Participant: 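Provided herewith is a single structure, encoded as structure tokens, for subsequent inquiry.
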Amino acid sequence: MGRRSLPTEPMSGLPAAPSPAPPAVSRSVLLADAKVTIRAPIPRVFEALLDPEQLVQWWADDPRVEAELGGRYEGTFSDGRIEGSITAIDGPGQLSFMWPIPLEGGSVETSVAYELAPKGPETFVHLVHRAPKPVPGKWTDFWNGALESLRAFLESSAAASE
């Protein structure tokens, strides 16, 4: 049993349905829905999601990325290492990866999806983290913090290069 420093409150973003939901819907739990607008063009933001030299500045230590379908997407945090694999990559607008989260009795295969969209000269980043069942933790807080770090990194590096 590894200790994680992520909070342990169960999160479920599914609304209560007035009638029984079909199994395909009830098997997907929304862990996080995070959004940020960044003063940088889409290709620049997408590059920051994939380039290990940039990932270490805002996301995780010792990042390893194989920017292809099925490639590794990994990074080390204070409470452990994410060892994911890329499940969708459509540059420069979309990146998804599978993140197995260890729990007592095994791990849960969760999915993280970044979608980038233009918002004038800025980029709107929408991140959705889903799992087949609830996974303890304040995932929206975790991802809002990551996206805020991404925004601060890109906007400060843009200002430094002007």
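This chain uses plain numbering: 1 for the first residue, then up along the sequence. The structure presented is a predicted model; accordingly, all values stated were derived computationally and were not measured.
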Participant: Is the shortest heavy-atom distance from the side chain of V108 to the side chain of P132 under 4.5 Å?
Facilitator: yes

Participant: When hydrophobic residues are tied together by side-chain contacts of less than 4.5 Å, even through go-betweens, does L49 share a cluster with F142?
Facilitator: yes

Participant: Let me confirm one number: the CG-CG distance from L116 to L95, rounded to the nearest 0.5 Å.
Facilitator: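 With rounding to 0.5 Å, CG (L116) is 8.5 Å from CG (L95).
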
Participant: Indicate the atoms forming the closest heavy-atom contact of I42 with P118, along with that distance.
Facilitator: CD1-N, 3.3 Å

Participant: Within the 4.5 Å heavy-atom criterion, are R44 and F46 side-chain neighbours or not?
Facilitator: no

Participant: Is I86 linked to I82 within one hydrophobic cluster, defined over Ile, Leu, Val, Met, Phe, Trp and Tyr using a side-chain heavy-atom separation of less than 4.5 Å?
Facilitator: yes

Participant: If I compare all heavy atoms of A48 with all of F153, which pair ends up nearest, and what's the gap?
Facilitator: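 Of all heavy-atom pairs spanning A48 and F153, the closest is CB-CE2, 4.4 Å.
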
Participant: Less than 4.5 Å apart, any side-chain heavy atom of V65 and any of D51?
Facilitator: no

Participant: For the CD atom of Q57 and the OG atom of S149, what is their distance to the nearest 0.5 Å?
Facilitator: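 Going from the CD atom of Q57 to the OG atom of S149 covers 11.0 Å.
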
Participant: So, does Q94 use its side chain to make a donor-acceptor pair with the main chain of E115 at under 3.5 Å?
Facilitator: no

Participant: Any heavy-atom pair between the side chains of R130 and V29 that's under 4.5 Å?
Facilitator: no

Participant: Working to the nearest 0.5 angstrom, can you tell me the gap between L147 CG and L127 CG?
Facilitator: 5.5 Å

Participant: Do V45 and L150 have side chains that approach each other closer than 4.5 Å (heavy atoms only, starting at C-beta)?
Facilitator: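 Yes; the side chains approach each other to less than 4.5 Å.
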
Participant: Does any part of the side chain of L55, heavy atoms only, come nearer than 4.5 Å to the side chain of Y73, both counted from C-beta?
Facilitator: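 Yes, their side chains come closer than 4.5 Å.
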
Participant: Find the distance between CZ (R72) and CZ (F97) and round it off to the nearest 0.5 Å.
Facilitator: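 Here the interatomic distance stands at 14.5 Å.
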
Participant: Given F77 and W59, is the ring-ring contact (aromatic ring centres under 6.0 Å, His included) satisfied, shown in steps?
Facilitator: CA-CA 8 Å; F77 294 87; W59 188 61; 5.3 Å; yes

Participant: Is any side-chain N of the basic residue among R39 and E122 closer than 4.0 Å to the acidic one's carboxylate O?
Facilitator: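 Salt bridge: no.
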
Participant: Can you establish whether the number of heavy atoms outside E68 located under 6.0 Å from its atom CD is more than 12?
Facilitator: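 Enclosed: over 12 neighbouring heavy atoms sit under 6.0 Å from CD of E68.
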
Participant: Hey, could you give me the OG/CD distance between S107 and E83, rounded to the nearest 0.5 Å?
Facilitator: 11.0 Å

Participant: What are the two closest non-hydrogen atoms of W143 and A32, and how far apart are they?
Facilitator: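 Taking W143 first and A32 second, the nearest heavy atoms are CD1-CB, 3.6 Å.
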
Participant: Over 60° means perpendicular and under 30° means parallel, so tell me whether H126 and F124 are parallel, tilted or perpendicular.
Facilitator: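 The rings of H126 and F124 sit tilted, inter-plane angle from 30° to 60°.
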
Participant: Could you grab the distance from atom CD of E148 to atom CD1 of I38, nearest 0.5 Å is fine?
Facilitator: 8.5 Å

Participant: Nearest heavy-atom pair of L154 and Q54: which atoms, and what distance?
Facilitator: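 Shortest heavy-atom contact: CD2-OE1, 4.5 Å.
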
Participant: Kindly give the heavy-atom pair with the smallest separation between V112 and H129, and that separation in Å.
Facilitator: CG2-CD2, 3.6 Å

Participant: Does any donor atom in the side chain of T76 or R81 lie under 3.5 Å from an acceptor atom in the other side chain?
Facilitator: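 Result is yes, a qualifying pair exists.
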
Participant: Is it the case that more than 12 heavy atoms not belonging to K35 sit under 6.0 Å from its NZ atom?
Facilitator: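 Result for NZ/K35: enclosed.
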
Participant: Of all the heavy-atom pairs spanning P136 and L103, show the shortest one and how long it is.
Facilitator: CD-CD2, 4.0 Å

Participant: Evaluate L50 against I89 for side chain to side chain contact (heavy atoms under 4.5 Å, CB included), listing each step before the verdict.
Facilitator: CA-CA 10 Å; L50 293 172; I89 184 167; 3.9 Å; yes

Participant: Counting C-beta onward and ignoring hydrogens, is there a side-chain heavy-atom pair between V128 and L30 closer than 4.5 Å?
Facilitator: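 Side-chain contact under 4.5 Å: yes.
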
Participant: With heavy-atom distances below 4.5 Å as the criterion, would you say the side chains of T87 and S96 are in contact?
Facilitator: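 They are in side-chain contact.
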
